[in-house]
Structure formats: structure tokens, C-alpha cells
S.K.: 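One structure is given below, represented as C-alpha cells, and several questions about it will come after.
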Amino acid sequence: MELKLNRPICFFDLETTGIDVGKDRIVEISIFKVFPNGNKESKTWLVNPTIPIPPQSTAVHGITNEKVAHEPTFKELAPHVYNMIKDADLAGFNSDRFDIPLLAEELLRAEVDFDMKNRVSVDVQTIFHKMEERTLSAAYKFYCGQSLENAHSAAADTLATYEILKAQLDRYPDLVNDIKSLSEFTTRKKSVDFAGFIAINDKGQEFFTFGKYKNVLVDDVFDKDPGYYGWIQNADFPLYTKKVLTGLKLRKLSTK
């Protein structure tokens, strides 16, 4: 089943130096863009992460320090990446918890002002886990009837994710072929920042999910402990979390 789209959607996958969203870097990024008229566009870039690639990461994706030594850095590629995704929704496999947060960090580090305000995301892994509980390779075998060649190659994983989502729509009649509905179905929790340090309660109020102010409303913390904002800005939190918190701080100041 082909996707019903009102705007483009970019399926993407990252290979990285590790799994720490705040500290690790991209070594390969592949984007597969699908347009409402059925046209498709794909790009894959190797990336010099500017930090060493640990052997355990190379063992997973096969990308060595030597292979990317003369490739562009992400800061050099950032305008091209952003230009491809700026008008699109996003989709991936485990993308809500890893790929989108890490991509956001890299873009902000490259001084590209990225956010998700005017787009939604579909995490194909969540559909799979809610329905079948498997890995990407098993998902591809289960839904598409094929073995996934070159697993942990960003391009292969990206295309497989696109094919899996289409097959999921064929297999599950209850899934609505609408990107917003799929986004809602694949959202695990309501959080404001990608890392989940700030969440939203049933009343639409933001609250902290960690530390001494866990479950306390952000606005209340601003009132009772103004220095907490500065501590977070100077501590080792993801850039996107700091960006979101700054937005909430400015919103509060504007209402005074």
C-alpha cells in the first residue's frame, strides 16, 4: 500500500560513533524522501565525525576512521541535510528515541535551528513492537518476505524501513494511512524535548522528569528556584533540551 501524503516525508537512518545522543556523532546519514505525487529522492553521505569511531561501533556498521577521514564534517553537510528535510515529516526505525534526537543535536551544533513544531514523526519500530516485537531485520523478513542485505548500512536500513511501513499498512487494517495518525500511534509519551527531560501532563503543562524537581511543573521551578534554569544551561544536557527550556522561560517572561 502506498502512503497517503499531504506533504513530503523523509525516511532516514544514522550510523554513529555510539548511542549517547548528547555526545556521539554521525558517521553516515541516509535520507529517502517520498513526495505526495509519488516521486522519490534519496541521498546518502559519509560523515567525518571529528572524533574517533570506537572499534565496537565499527564492528556494527563497518565504518572506520580511515574511511571517513577525508569526508565532509556534519557542519559542512548540515545545510544540505536541512534543505532536504525542512518541508517534510520524518520517519525511521527507533527514530523517536535515537535518530531524531541525535540529528537535532548535530543540526543545533552546526547552528541550524531545527525543531519539530511544524512536523510529525512516525517511528516504524513502534508499530512493529506493538504488533510483533522484533528487530529491523526480522521486521523486514516478516513483513516483506525478504532477508535484509547489508544491515547496518544506513541506505539499506532506510529503504527497508520505508518498505516495512507500507507492508504494515497492508497487514493491519486498523492502521490509518495518514501520517499524523501514524505519528500519534507511534508516540510513546508526550515530551517536549527529544530526550524526555521535560514532559507534558494531561492538562498540557510542562514538568521535569528527573532530579530534585522530578514531576514538578517547569513554571513552578522558574518561580521557586530561578537558578535552576542557569544550571541546566551550563550542565551536560542535550542542546535541544536547553533550546526547549529557553523557549519555556521566554514564554513565562512574556506573560508577566
S.K.: Looking at Phe210, Phe208, Tyr229, which hits ring pair (Phe, Tyr, Trp, His ring centres under 6.0 Å) with Phe237?
M.R.: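 With Phe237 as partner, ring pair (Phe, Tyr, Trp, His ring centres under 6.0 Å) holds for just one option, Phe210.
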S.K.: Counting C-beta onward and ignoring hydrogens, is there a side-chain heavy-atom pair between Lys252 and Asp223 closer than 4.5 Å?
M.R.: yes
S.K.: Can you see whether Thr17 engages Asp24 through a side-chain donor-acceptor pair at a distance of less than 3.5 angstrom?
M.R.: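 The answer is yes; a qualifying pair exists.
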S.K.: Listed by chain and number, what are the side-chain contact (heavy atoms from CB on, under 4.5 Å) partners of Ser57, not counting sequence neighbours?
M.R.: Ile53, Pro54, His61
S.K.: Taking atom CG of Leu165 and atom OH of Tyr143, what is their separation to the nearest 0.5 Å?
M.R.: 10.0 Å
S.K.: I would like to know whether Gln125 and Arg97 meet side chain to side chain contact (heavy atoms under 4.5 Å, CB included); could you show each step before the answer?
M.R.: CA-CA 10 Å; Gln125 185 193 60; Arg97 290 192 295 180; 3.5 Å; yes
S.K.: Quick check for you: to the nearest 0.5 Å, what is the distance between Glu206 atom CD and Leu248 atom CG?
M.R.: 4.5 Å
S.K.: Report, as yes or no, whether the 6.0 Å neighbourhood of atom CG on Asn118 holds more than 12 heavy atoms from other residues, nucleotides or ligands.
M.R.: no
S.K.: How many angstroms lie between atom CD of Glu106 and atom CG of Leu239, to the nearest 0.5 angstrom?
M.R.: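 The CD atom of Glu106 sits 10.0 Å away from the CG atom of Leu239.
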S.K.: Out of curiosity, does Phe98 fall in the hydrophobic cluster containing Ile63 (side-chain heavy atoms, cut-off under 4.5 Å, transitive links)?
M.R.: no
S.K.: Are any non-hydrogen side-chain atoms of Val81 and Phe74 less than 4.5 angstrom apart?
M.R.: yes
S.K.: Please report the shortest heavy-atom distance between Thr16 and Leu14, naming the atom on each side.
M.R.: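 Smallest heavy-atom distance, with atoms named: CG2-CB, 4.0 Å.
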S.K.: Please say whether the positively charged group of Lys40, taken as NZ for Lys or CZ for Arg, lies over the ring of Phe32, i.e. under 6.0 angstrom from the six-membered ring centre and within 45 degrees of the axis.
M.R.: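 Output no; distance or angle outside limits.
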S.K.: May I ask you to check whether Phe93 and Tyr140 place their ring centres under 6.0 Å from each other?
M.R.: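 Distance test on ring centres: not under 6.0 Å, no.
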S.K.: Could you go through the side chain to side chain donor-acceptor pair (under 3.5 Å) check for Thr186 and Asp123 one step at a time?
M.R.: CA-CA 6 Å; Thr186 60; Asp123 192 331; over 6 Å; no
S.K.: Please give me the minimum heavy-atom distance between Phe12 and Thr158, naming the atom from each residue.
M.R.: C-OG1, 3.7 Å
S.K.: Answer yes or no: are there more than 12 heavy-atom neighbours, outside Leu250 itself, under 6.0 Å from its atom CG?
M.R.: yes
S.K.: Would a 4.5 Å heavy-atom cut-off, applied to side chains only, mark Phe194 and Glu105 as touching?
M.R.: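 Answer no - side chains too far apart.
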S.K.: How long is the straight-line distance from NZ of Lys180 back to OG of Ser121, given to the nearest 0.5 Å?
M.R.: 13.0 Å
S.K.: Under the rule for side-chain contact (heavy atoms from CB on, under 4.5 Å), what residues qualify as partners of Val120, not counting sequence neighbours?
M.R.: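 Val120: side-chain contact (heavy atoms from CB on, under 4.5 Å) contacts with Asp89, Ile179, Ser183.
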S.K.: Is Ser191 reaching over with its side chain to a backbone N or O of Ile198, donor-acceptor style, under 3.5 angstrom?
M.R.: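 No, because the side chain of Ser191 does not come within donor-acceptor range (under 3.5 Å) of the backbone of Ile198.
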S.K.: How would you list, by chain and number, every residue that makes a salt bridge (charged side-chain N to carboxylate O under 4.0 Å, His left out) with Asp178, sequence neighbours excluded?
M.R.: none
S.K.: Is it true that Glu28 and Lys67 make a salt bridge, defined as a side-chain N closer than 4.0 Å to a carboxylate O?
M.R.: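 No.
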S.K.: Considering all heavy atoms of both residues, which atom of Ala156 and which atom of Asn150 are nearest to each other, and what is their separation?
M.R.: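 Heavy atoms only, the tightest pair is CB-O, 3.5 Å.
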S.K.: My understanding is that only one of Leu103, Leu46, Asp13, Thr44 makes a side chain to side chain contact (heavy atoms under 4.5 Å, CB included) with Ile29; could you say which?
M.R.: Leu103
S.K.: Is there a path of hydrophobic side-chain contacts, each under 4.5 Å between heavy atoms of I, L, V, M, F, W or Y residues, that connects Ile26 with Tyr240?
M.R.: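 Yes, Ile26 and Tyr240 fall within the same hydrophobic cluster.
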S.K.: With sequence neighbours excluded, what pairs up with Lys43 under the side-chain contact (heavy atoms from CB on, under 4.5 Å) test?
M.R.: Glu41, Trp45, Met84
S.K.: For Ala88 and Cys10, work out which heavy atoms get closest and say how close.
M.R.: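 Heavy atoms of Ala88 and Cys10 come nearest at CB-SG, 3.7 Å.
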S.K.: So, for Val122 and Ile127, which heavy atoms are closest and what is the spacing to 0.1 Å?
M.R.: CG1-CD1, 4.5 Å
S.K.: Under a 4.5 Å cut-off applied to non-hydrogen side-chain atoms, are Asp220 and Tyr213 in contact?
M.R.: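 Of all side-chain heavy-atom pairs linking Tyr213 with Asp220, none is under 4.5 Å.
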S.K.: So, Lys23 and Asp236, do they make that salt bridge, N to O below 4.0 Å?
M.R.: yes
S.K.: Is there a side-chain contact between Glu71 and Val27, using heavy atoms and a 4.5 Å cut-off?
M.R.: no
S.K.: Only counting residues at least two apart or in another chain, list the ones meeting side-chain contact (heavy atoms from CB on, under 4.5 Å) with Glu76.
M.R.: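 So Glu76 forms a side-chain contact (heavy atoms from CB on, under 4.5 Å) with Pro72, Thr73.
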S.K.: Test of understanding: clusters of I, L, V, M, F, W, Y form through side-chain heavy atoms closer than 4.5 Å, transitively. Do Tyr162 and Tyr172 belong to the same one?
M.R.: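 Linked, Tyr162 and Tyr172 end up in one cluster.
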S.K.: By the salt bridge (charged side-chain N to carboxylate O under 4.0 Å, His left out) test, which pairs, at least two apart or in different chains, include something from residues 110-121?
M.R.: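 Output for this query lists Asp113-Lys243.
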S.K.: Rounded to the nearest 0.5 Å, what separates atom CG in Leu169 from atom CD1 in Ile164?
M.R.: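 Rounded to the nearest 0.5 Å, the CG-CD1 separation comes to 12.0 Å.
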S.K.: To the closest 0.5 Å, what do you measure between CZ (Phe207) and CG (Leu217)?
M.R.: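 That separation rounds to 8.5 Å.
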S.K.: Please examine the side chains of Asp87 and Lys33, heavy atoms only from C-beta on, and report whether any two atoms are closer than 4.5 Å.
M.R.: yes
S.K.: Side chains of Leu245 and Thr241: does their closest heavy-atom pair fall under 4.5 Å?
M.R.: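 Side-chain contact under 4.5 Å: no.
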S.K.: If you count heavy atoms of other groups shown closer than 6.0 angstrom to CG of Asn37, is the number above 12?
M.R.: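 Counting neighbours around CG of Asn37, more than 12 heavy atoms of other residues, nucleotides or ligands fall under 6.0 Å, so yes.
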S.K.: Show the nearest heavy-atom pair for residues Phe128 and Ala138, with the distance to one decimal.
M.R.: CZ-C, 4.1 Å
S.K.: Same hydrophobic cluster for Leu107 and Ile51, using side-chain heavy-atom links shorter than 4.5 Å among ILVMFWY?
M.R.: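 No; tracing contacts between hydrophobic side chains, which count when under 4.5 Å, never links both residues.
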S.K.: State whether the side chain of Asn48 and the backbone N or O of His70 hold a donor-acceptor pair below 3.5 Å, judged by distance alone.
M.R.: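 Checking the backbone N and O of His70 against the side chain of Asn48, no donor-acceptor pair under 3.5 Å is found.
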S.K.: Side-chain contact, heavy-atom cut-off 4.5 Å: Ser30 with Asp157?
M.R.: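 They are not in side-chain contact.
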S.K.: Would a hydrophobic clustering, with Ile, Leu, Val, Met, Phe, Trp and Tyr connected at side-chain separations under 4.5 Å, put Val176 with Phe185?
M.R.: no
S.K.: Checking Arg109 against Arg25 for the side chain to side chain contact (heavy atoms under 4.5 Å, CB included) test, could you report, in this order, the C-alpha distance in whole Å, the side-chain angles of both residues, the deciding distance, and whether it holds?
M.R.: CA-CA 11 Å; Arg109 200 176 288 120; Arg25 300 289 190 270; 3.4 Å; yes
